[in-house]
Amino acid sequence: MPELPEVETYRRFINELAVGQTIAAVRVNDAHVLALPEAELRAGLVGRRLVATHRLGKNCFLELDNGRILVLHFGMTGDIGAYRDPADAPRFVRVAFALEDSGLNLAFIDPRKFGRIRLAESVEAYGKAKKLGPDALVITAAELQAKIGHRKTILKPLLLNQNLLAGLGNWIVDDVLFQAKIHPERLANTLTPKEFAALHRATQHVLSTAIRHEANYREFPLNFLIHSRGWDTSAAPDQSVHEYCPRHLKTRIEKSYVGGRATYVCPKCQPRPTS
DNA sequence: ACCCATGTTCTTTG
DNA sequence: TCAAAGAACATGGG
């Protein structure tokens, strides 16, 4: 779940639930997700008040009243939750932050434990340390073209590289390329200015649509490629997987691996490069 | 039992 | 130095 729209949705949730509150305690169920010693995290958080939230790419930032930052990265399966009674805690809560005023616990949930929790001196310092590019919702078309337009490598892995622009993940890139009608294996330096404009427009469209639906992909428009990924296993069989292109109803969506990642393409909308 | 997976990072190979 | 490929991480779900 945790690509840019999911993280933005978590951020808004945390903003409502936790900003203004003081952290009374930190519960660590599994220290594996900590990128710093547990004692250090606790010392940095307990008694501090949360004053704001921020986001850069897939990273969520909780600003403390001393200016330091609690950084949450959700890996592949991270999620945010809240509970009052420990008996009602959801599965896979790895770390929970007890909030003094409301008595609620803010939960960092992560079955697969690829997520990480850390402290940083500032959002800027963290972004610099991780060499993160500009946020995918903030980058301009010109910046995007300047960053990748000269590269002679396959497009999709470039768009997934957080050092170039931050926030795009595997399914979003596929949907962006589908909406922009560009094949993921095109070399970046072969894109026309028109295609860069389309790429940028599609990025904004996919991200803002996903955020508007709070990243609930089942609510995404039917012309989104995400419905072809077969995630929706709980739906009725006739609507669980959209096998065909929403624009070419007789053309089957094709699955392959690009840069080692599962990749979905409409062969008609996104013609494979010849060379 | 086996295969797949929304991310990141490191190693190996070319 | 760069880019591509592969592996590793750790685990649940189909």
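It should be emphasised that the depicted structure is a prediction, and the values quoted were computed from it without experimental measurement. Naming convention: chains lettered A, B, ... in sequence-line order (proteins, then strands); numbering from 1 in each chain.
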Q: Among C/dC9, C/dT11, B/dT8, which is the nearest nucleotide to the side chain of A/Q162?
A: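 Given the options C/dC9, C/dT11, B/dT8, the side chain of A/Q162 is closest to B/dT8.
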
Q: How does DNA chain C look in dot-bracket notation if pairs are Watson-Crick or G-U with both distances under 3.5 Å, crossing ones as [ ], other-strand ones as |?
A: .||||||||.||||

Q: Quantified in whole Å, what is the P atom distance between nucleotide B/dT9 and nucleotide C/dG12?
A: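 Pairwise P distance, B/dT9 against C/dG12, rounds to 23 Å.
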
Q: Between A/L160 and A/R112, which residue's closest nucleotide on DNA chain B lies nearer the 5′ terminus?
A: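 It is A/R112 whose nearest nucleotide is closer to the 5' end.
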
Q: For the pair A/I139 and A/T203, evaluate side-chain contact (heavy atoms from CB on, under 4.5 Å) and give the outcome as yes or no after the intermediate values.
A: CA-CA 10 Å; A/I139 196 169; A/T203 303; over 6 Å; no

Q: Roughly how many Å apart are B/dC3 and C/dA7, using the P atom of each and rounding to a whole number?
A: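 Comparing P positions in C/dA7 and B/dC3 gives a spacing of 14 Å.
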
Q: Check this one for me: any side-chain N or O of A/R116 less than 4.0 Å away from OP1 or OP2 of C/dA10?
A: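 The answer is no; no side-chain N or O of A/R116 sits under 4.0 Å from OP1 or OP2.
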
Q: What about A/H227 and A/Y264, are their ring centers closer than 6.0 Å?
A: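 Judged by ring-centre distance (under 6.0 Å), A/H227 and A/Y264 do not meet the cut-off.
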
Q: Kindly indicate whether the side chain of A/L17, heavy atoms from C-beta on, has any atom under 4.5 Å from the side chain of A/L99.
A: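 With C-beta onward as the side chain, the pair touches.
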
Q: Taking atom P in both B/dT11 and C/dA10, what distance in whole Å separates the two?
A: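 Here B/dT11 and C/dA10 have their P atoms 16 Å from each other.
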
Q: Would you mind reading off the distance between A/K113 atom NZ and B/dA5 atom C1', rounded to a whole angstrom?
A: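 My rounded result for the distance is 17 Å.
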
Q: Between A/K130 and B/dT9, does any side-chain N or O lie under 4.0 Å from OP1 or OP2?
A: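 Looking at the OP1 and OP2 atoms of B/dT9, one of them is under 4.0 Å from a side-chain N or O of A/K130.
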
Q: Walk me through it: do A/D79 and A/D110 pass the test side-chain contact (heavy atoms from CB on, under 4.5 Å)?
A: CA-CA 6 Å; A/D79 198 357; A/D110 188 8; over 6 Å; no

Q: In whole Å, I'd like the distance from the NZ atom of A/K152 to the C1' atom of C/dA4.
A: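 Between C1' of C/dA4 and NZ of A/K152: 16 Å.
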
Q: Compare side-chain N and O positions of A/K58 against OP1 and OP2 of B/dG7 and report whether any pair is under 4.0 Å apart.
A: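 Looking at the OP1 and OP2 atoms of B/dG7, one of them is under 4.0 Å from a side-chain N or O of A/K58.
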
Q: In Å and rounded to the nearest 0.5 Å, what is the CD to CD distance from A/Q21 to A/E100?
A: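 Spacing of CD (A/Q21) from CD (A/E100) equals 9.0 Å.
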
Q: Hey, does the side chain of A/R151 come within less than 4.0 Å of C/dA3's phosphate (OP1/OP2), counting only N and O?
A: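 Yes, within the criterion.
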
Q: Hey, does A/F74 reach any base, or is it just sugar-phosphate, or nothing, if we go heavy atoms under 4.0 Å?
A: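 Since no nucleic acid heavy atom lies under 4.0 Å of A/F74, the category is nothing.
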
Q: Let me know the distance between NZ of A/K156 and P of C/dA5, rounded to the nearest Å.
A: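 That distance rounds to 13 Å.
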
Q: Under 4.0 Å between any heavy atoms, over every strand shown, what does A/G260 touch: base, sugar-phosphate, or nothing? Just pick one.
A: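 A/G260: no heavy atom of the nucleic acid under 4.0 Å.
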
Q: What is the distance, rounded to the nearest whole Å, between atom CG of A/L72 and atom P of B/dG7?
A: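 My rounded result for the distance is 17 Å.
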
Q: Between A/T9 and A/N216, is any pair of side-chain heavy atoms under 4.5 Å apart?
A: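 A/T9 does not reach A/N216 side chain to side chain.
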
Q: Does A/R261 make a side-chain N or O approach to OP1 or OP2 of B/dG7 shorter than 4.0 Å?
A: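 Yes, because at least one side-chain N or O of A/R261 sits under 4.0 Å from OP1 or OP2 of B/dG7.
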
Q: Are OP1 or OP2 of C/dA10 and a side-chain N or O of A/H32 less than 4.0 angstrom apart?
A: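 For C/dA10, OP1/OP2 do have a side-chain N/O of A/H32 under 4.0 Å.
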
Q: So, A/F114 and C/dC9: ring centres less than 5.5 Å apart, planes less than 30° off, yes or no?
A: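 By the stated criterion, A/F114 and C/dC9 stack.
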
Q: Can you tell me if the side-chain N/O atoms of A/Y257 get under 4.0 Å from OP1 or OP2 in C/dA4?
A: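 Checking A/Y257 against C/dA4: no side-chain N or O falls below 4.0 Å of OP1 or OP2.
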
Q: Looking at A/K128 and A/E124, does any basic side-chain N land under 4.0 Å from a carboxylate oxygen?
A: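 No salt bridge links A/K128 with A/E124.
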
Q: Report yes if the side chains of A/R229 and A/D174 come closer than 4.5 Å at any heavy-atom pair, otherwise no.
A: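 Yes - at least one pair of side-chain heavy atoms lies under 4.5 Å apart.
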
Q: Let's see if you can work this out: which of B/dA5, B/dG7, C/dA3 has an atom nearest to the side-chain heavy atoms of A/N170?
A: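 For A/N170, the side-chain atoms sit closest to B/dG7.
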
Q: Taking the P atom in each of B/dC4 and C/dG6, what is the distance between them to the nearest angstrom?
A: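 Each nucleotide's P atom is 14 Å from the other's.
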
